[in-house]
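A short write-up of the structure that comes next.
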Amino acid sequence: MGRLLGRWRGAAGLRRLLAPASGERGRGLCSERPSDGGGAGNGQAVVLRVYNARSRSKQPLVLAAPAIASWYSCGPTVYDHAHLGHASSYVRFDIIRRILTNVFGIDVIMVMVITDIDDKIIKRSKELNISPKILASIYEQDFKRDMESLKVLPPTACMRVTDNIPQIVKFIEKIICNGHAYSTSDGNVYFDIQSIGDRYGKFVKINDDTVEETSENDKRRSSDFALWKSSKPLEPFWPSPWGNGRPGWHIECSTIARLAHHVRVLEHKSTSQKHLKMGNFHYNINFPVSS
């Protein structure tokens, strides 16, 4: 933890500069703001632009509700201590969140998911001879303490994968019904990359040659990835239409981000109440549920 703190003291200083002055309210997204000089920009509304990973260009940030942004953040897979990569990601997110709130006056509702069941968690729990549930709980709390030490603001809501297994199963069923996934006789379910054509890999460059490769296991193609994994001896499992098993790593964020999209949060501020619709701003790529 000392290494993380030492490297990010500068970022903590920047966040202090972004904190609003006493009694000063944040400005709205397109509020009138004076510029520091003359010219055409003087007195004009400021429009916040964000980088669109798909178009690879900056575009205006359009919010479904005025001055309210919901943000889905993929949390850690809790099988070990946090490292510098975690610190880098979440400190950066924290700075952006503070800019949105303290500079542009946007209420940010952040939902984070903790991956508390995964191949790495199971492997690590066997090495330490403790249950995956206990291991995940230990490192989840460890992660939260590290983020607190780094002065990273906590998420508005923190969700765990194991608390949302029925929702994940239903989400996988929808993907299968729409022809984007398939189950096997071994009780596994895979996302069918070929079913979405050239839409796969829009956010990152992927070698198309790997799409047609065959595999020796029960997948149709080696590039297809697991949405549901059949249970193995001495591993945690949950019931599903395909047999006992657990979610694949890829489907967890997609399902919970979609859940957050439909949740309304009742937020109390002083004597006022606000109903906030989650989901107009996601840091996530959802798998297609409809054709």
Side-chain angles (χ1 to χ4, degrees), residues 1-16 19 70-98 101 108-168 229 231 234-238 245-260 263 265-268 278 282-284:
M1 190 62 244
R3 290 177 299 172
L4 300 185
L5 287 172
R7 301 246 183 143
W8 291 101
R9 286 195 181 108
L14 176 58
R15 290 198 299 277
R16 285 195 296 271
S70 59
W71 181 330
Y72 178 81
S73 175
C74 182
T77 301
V78 283
Y79 69 97
D80 207 338
H81 297 289
H83 50 67
L84 190 59
H86 292 118
S88 174
S89 295
Y90 295 114
V91 167
R92 290 167 192 250
F93 294 161
D94 187 70
I95 291 172
I96 296 172
R97 182 182 180 184
R98 290 172 188 262
T101 301
V108 177
I109 311 302
M110 177 175 283
V111 176
M112 176 183 286
V113 65
I114 301 292
T115 299
D116 57 347
I117 186 64
D118 176 79
D119 291 340
K120 294 179 180 178
I121 293 174
I122 293 172
K123 179 181 178 181
R124 182 71 166 162
S125 69
K126 291 179 179 178
E127 293 172 351
L128 299 178
N129 196 28
I130 60 176
S131 74
K133 182 176 181 179
I134 293 176
L135 178 87
S137 178
I138 291 172
Y139 285 121
E140 176 184 342
Q141 297 307 314
D142 186 71
F143 167 78
K144 290 178 178 178
R145 285 192 295 268
D146 283 350
M147 293 303 105
E148 183 179 1
S149 298
L150 291 170
K151 309 300 181 185
V152 172
L153 295 174
T156 310
C158 190
M159 305 173 72
R160 299 182 186 89
V161 169
T162 56
D163 293 333
N164 294 274
I165 299 296
Q167 293 84 351
I168 293 174
K229 295 186 175 184
S231 63
L234 303 179
E235 288 188 356
F237 64 84
W238 291 262
R246 57 187 173 84
W249 182 76
H250 299 81
I251 193 63
E252 299 165 354
C253 284
S254 300
T255 303
I256 297 178
R258 189 173 179 85
L259 290 175
V263 169
V265 176
L266 182 62
E267 183 183 77
H268 298 268
M278 311 292 290
H282 284 307
Y283 190 82
N284 179 86

Task: Full working for side-chain contact (heavy atoms from CB on, under 4.5 Å) between Asn164 and Thr255 - done: CA-CA 9 Å; Asn164 294 274; Thr255 303; 6.0 Å; no

What is the distance from atom [atom1] of [X] to atom [atom2] of [Y], rounded to the nearest 0.5 Å?
X      : Y      : atom1 : atom2 : value
Arg97  : Ile109 : CZ    : CD1   : 8.0 Å
Leu150 : Asp94  : CG    : CG    : 9.5 Å
Tyr79  : Lys120 : OH    : NZ    : 4.0 Å
Ser137 : Ile114 : OG    : CD1   : 11.0 Å
Leu153 : Ile95  : CG    : CD1   : 11.0 Å
Asn129 : Leu135 : CG    : CG    : 11.5 Å

Any donor and acceptor pair, going by atom type alone, linking the side chain of [X] with main-chain N or O of [Y] inside 3.5 Å?
X      : Y      : result
Thr101 : Arg98  : no
Asp116 : Thr162 : yes
Ser89  : Gly85  : yes

State, yes or no, whether a side-chain contact exists between [X] and [Y] at a heavy-atom distance under 4.5 Å.
X      : Y      : value
Thr77  : Tyr139 : no
Arg246 : Asp119 : yes
Met112 : Tyr90  : yes
Ile168 : Trp238 : no
Phe93  : Val152 : no
Pro236 : Ile122 : yes
Glu140 : Arg160 : yes
Val113 : Glu252 : no

Task: Nearest atoms (heavy-atom pairs only) where Pro247 meets Val161 - done: CG-CG1, 4.3 Å

- [ ] Search all heavy atoms of Phe143 against all heavy atoms of Ala82 and return the closest pair with its distance.
- [x]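 Scanning both residues completely, I find the closest heavy atoms to be CD1-CB, 4.4 Å.
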
- [ ] May I ask you to check whether Arg145 and Ser149 show a side-chain donor-acceptor distance below 3.5 Å?
- [x] no

- [ ] Determine, stepwise, if the pair Thr156 / Val111 fulfils side-chain contact (heavy atoms from CB on, under 4.5 Å).
- [x] CA-CA 6 Å; Thr156 310; Val111 176; 5.7 Å; no

Open item on the list: side-chain contact (heavy atoms from CB on, under 4.5 Å), that's the test. Do Asp163 and Met159 meet it? Break it down for me.
Closed with: CA-CA 7 Å; Asp163 293 333; Met159 305 173 72; over 6 Å; no

Task: Residue pair His86, Asp146: steps toward the side-chain contact (heavy atoms from CB on, under 4.5 Å) verdict - done: CA-CA 10 Å; His86 292 118; Asp146 283 350; over 6 Å; no

Task: Neighbour count above 12 (heavy atom, 6.0 Å) for Gln141 CD - done: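 Yes, the 6.0 Å shell around CD holds more than 12 heavy atoms from other groups.
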
Task: Name of the residue among Lys144, Met147, Met110 meeting side-chain contact (heavy atoms from CB on, under 4.5 Å) with Pro155 - done: Met110

